[in-house]
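All remarks here apply to the structure that follows.
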Amino acid sequence: MLGMRQTRIRRLVVFAAVMAHSVPRPAAVAERRPWLLAFAGFFLLLGAWAVAAPYAGFPDERDHILRAYGVATGQVVLEPATAANGGGAFVDAPRSLLVPRCWQFKADRPASCAREPGGDETIVRAPTAAGRYFPLYYALVGAPLALSPDWLGVVLARLISAALCAALLANAFSDALRWSRRRVLLAGLVVAATPMVAHMGGAVNPSGLELAAGIAFFAAALPLLFNPAARHNRTLLWHVGVAALALATLRMLGPAWLGLGALALLLPLRRATLADLWRWRGLRLWGLAVVGSGIAAAVWAFALKATEPNAYFNKEEGPIGPLGIVWVEIQRWPTYIQEMIGIMSWLDALMPGVIYVAWTVVAGALVVWAFLFADRAGRLRLVAIAGAAFLVPTALSVAYANTFGFITQGRYILPLLVGLPLLGAMIISQADLPTGVGQQLVRFCAVVLLPTHIVALMFTMLRWQQGIGEDTSLNPLVGVWHPVLGSATPLIACLAAVAILTWLYWTTVGAARDVTEAESQTSAASTTDPAAHTTVTGSRPIVSPDAPPATP
């Protein structure tokens with residue numbers, strides 16, 4: 001009897017020890033708190049769009065919903081067909097998800113003319129322009145649609161997509177907070193996460209996740225390559241790897257943006273730099289995984305002819321020569337910039353002009369300021385990102401404009417161009433700034449730009465609920481159509497999101513020290529050893545694989 005009691009006591013002691021070890025330490029909890037708060041803020045922001053929009057309220061959403069339903073029900077490989085806009089495929093889907101379009105591209109018409117999803121769930125053969133796309137994203141968001149092909153399934157699928165995007169953006173916030181000098185990289189994050197990122201992040205559309213992945217990639221890659229204290233940091237490497245996998249597989253241009261962005265950060269290319277990177281085993285493994293995934297996505301695209309553009313609505317009259325196409329592309333860039341900031345819905349919901357001016361001025365000033373601070377290598381990287389963002393869509397237009405029209409939109413270029421403000425902020429963070437300037441920069445960007453997300457949502461809700469006309473009321477709570485959870489719900493969520501994110505940006509930079517202890521030690525070493533570290537503006541080897549992993 002005594003032996004049994006002693007055995008029980010020993011088991012209780014072991015159980016208590018295991019439980020005590022599993023309880024997060026206060027320091028670990030405090031370290032995760034910024035990520036959790038950032039995730040909550042971004043999820044509320046993106047979720048506000050998810051519950052505010054009518055069915056198919058985002059670009060091409062119905063096509064992506066049908067593709068997600070198909071993948072979730074086992075219809076992964078579809079036979080290419082002339083199904084929608086001259087491409088796509090057919091999928092067996094419930095009639096409840098086949099809502100005819102009646103208000104898209106007609107800004108004066110509210111969404112009330114379309115019926116709500118749900119009702120008759122008879123399976124029919126449905127066309128979808130997304131039928132040939134790589135299935136990874138659709139497998140992640142499709143289950144709710146298969147279980148509930150109505151409003152409930154649509155909203156849950158949107159919220160899953162929003163949660164994935166919010167996690168990537170929270171990674172970006174955490175990396176910028178922890179690994180940028182004076183935390184100035186946070187200013188680049190505010191500028192990069194435009195209202196268009198939030199808008200698409202709340203949709204069933206892989207474009208939103210691609211935008212978030214572009215931000216997460218640059219926010220992690222910059223400190224990993226250029227902050228000596230962050231070299232060989234496994235968390236940063238995971239963040240880079242996950243974002244790169246997303247970019248390599250989600251959309252057709254993703255691998256190009258990933259390769260060009262990585263190439264720009266590695267400029268000027270040197271054999272010693274590439275050899276140093278290759279000796280890092282973790283980076284090698286992630287690189288192979290990303291390349292392998294990109295090859296798989298490319299094979300899929302070519303096998304199913306997913307690279308064939310669909311007929312587009314913005315086609316010029318008559319054939320245009322290559323120089324004429326380039327000139328048209330140059331003239332379209334002001335529109336691209338507006339679309340990157342946010343022309344919502346189906347490119348038929350504009351914000352007040354002052355919003356576009358504010359974002360353009362702040363983003364432009366950040367990049368110009370960085371260009372002035374940068375040395376030759378830093379300027380080369382900035383020019384490389386900007387040049388690639390211009391040349392790739394121009395080349396596509398030269399190839400396809402006379403057949404399919406001008407197919408580029410601003411959000412197509414944004415996964416690469418988010419690197420400009422982030423790289424610019426990283427360059428500024430390494431400059432010899434007066435005390436408090438970095439803190440003021442982050443707070444200025446947050447206070448000026450974050451409230452515009454509320455304006456963007458409000459004006460888009462006006463478009464959906466009332467249509468845009470002379471008698472449109474500025475009250476977002478009225479209209480002939482209302483969101484499934486009511487008009488107040490998304491507005492409250494958006495207000496809460498902006499409050500959380502503004503508070504985070506304001507308070508976290510207030511607690512920032514000029515340089516972390518590890519950075520100070522490395523900076524001191526660099527005064528006597530030029531090869532001890534590199535900055536984002538430097539041209540020496542980026543990492544030193546022989547150095548031990550740094551601890552924050």
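All values reported here derive from a predicted model rather than from experimental measurement. Every heavy atom of this structure was used, including side-chain atoms; hydrogens, water molecules and symmetry mates were not.
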[X] versus [Y]: any side-chain heavy-atom pair under 4.5 Å?
X      : Y      : value
Pro54  : Trp103 : yes
Thr394 : Ile330 : no
Leu258 : Val290 : yes
Ile355 : Phe459 : no
Tyr412 : Leu396 : no
Leu366 : Leu441 : yes
Val383 : Phe371 : yes
Ser397 : Val328 : no

Measuring from [X]:[atom1] to [Y]:[atom2], what's the distance to the nearest 0.5 Å?
X      : Y      : atom1 : atom2 : answer
Leu267 : Leu382 : CG    : CG    : 11.0 Å
Phe217 : Leu222 : CZ    : CG    : 8.5 Å
Leu423 : Ile385 : CG    : CD1   : 5.0 Å
Leu45  : Cys494 : CG    : SG    : 5.5 Å

Between Ser161 and Tyr137, a side-chain donor and acceptor under 3.5 Å: yes
No-hydrogen, no-angle side-chain donor-acceptor test under 3.5 Å, Thr194 and Trp359: no
Pairs touching residues 456-466 that satisfy side chain to side chain donor-acceptor pair (under 3.5 Å), sequence neighbours left out: Ser345-Trp464, Asp348-Arg463, Gln465-Ser487
Pairs satisfying ring-ring contact (aromatic ring centres under 6.0 Å, His included), at least one member in residues 241-264, at least two apart: none
Residue pair Glu329, Tyr336: steps toward the side chain to side chain donor-acceptor pair (under 3.5 Å) verdict: CA-CA 10 Å; Glu329 276 293 314; Tyr336 291 159; 3.0 Å; yes
Proximity of Phe173 and Phe39 rings by center, below 6.0 Å: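 When the ring centroids of Phe173 and Phe39 are compared, they turn out to be at least 6.0 Å apart.
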Any donor-acceptor pair under 3.5 Å from Tyr356 side chain to Gly342 backbone: yes
Side-chain donor/acceptor of Asp63 to backbone N/O of Ala129, under 3.5 Å: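 Answer holds: yes.
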Short N-O contact, Glu61 and Arg158, less than 4.0 angstrom: yes
Option among Glu210, His199, Met200 that satisfies the side chain to side chain contact (heavy atoms under 4.5 Å, CB included) test with Asn205: Met200
Intermediate values then yes/no, side-chain contact (heavy atoms from CB on, under 4.5 Å), Leu266 and Leu277: CA-CA 10 Å; Leu266 291 172; Leu277 289 172; 3.5 Å; yes
Leu288, CG: over 12 other non-hydrogen atoms inside 6.0 angstrom: yes
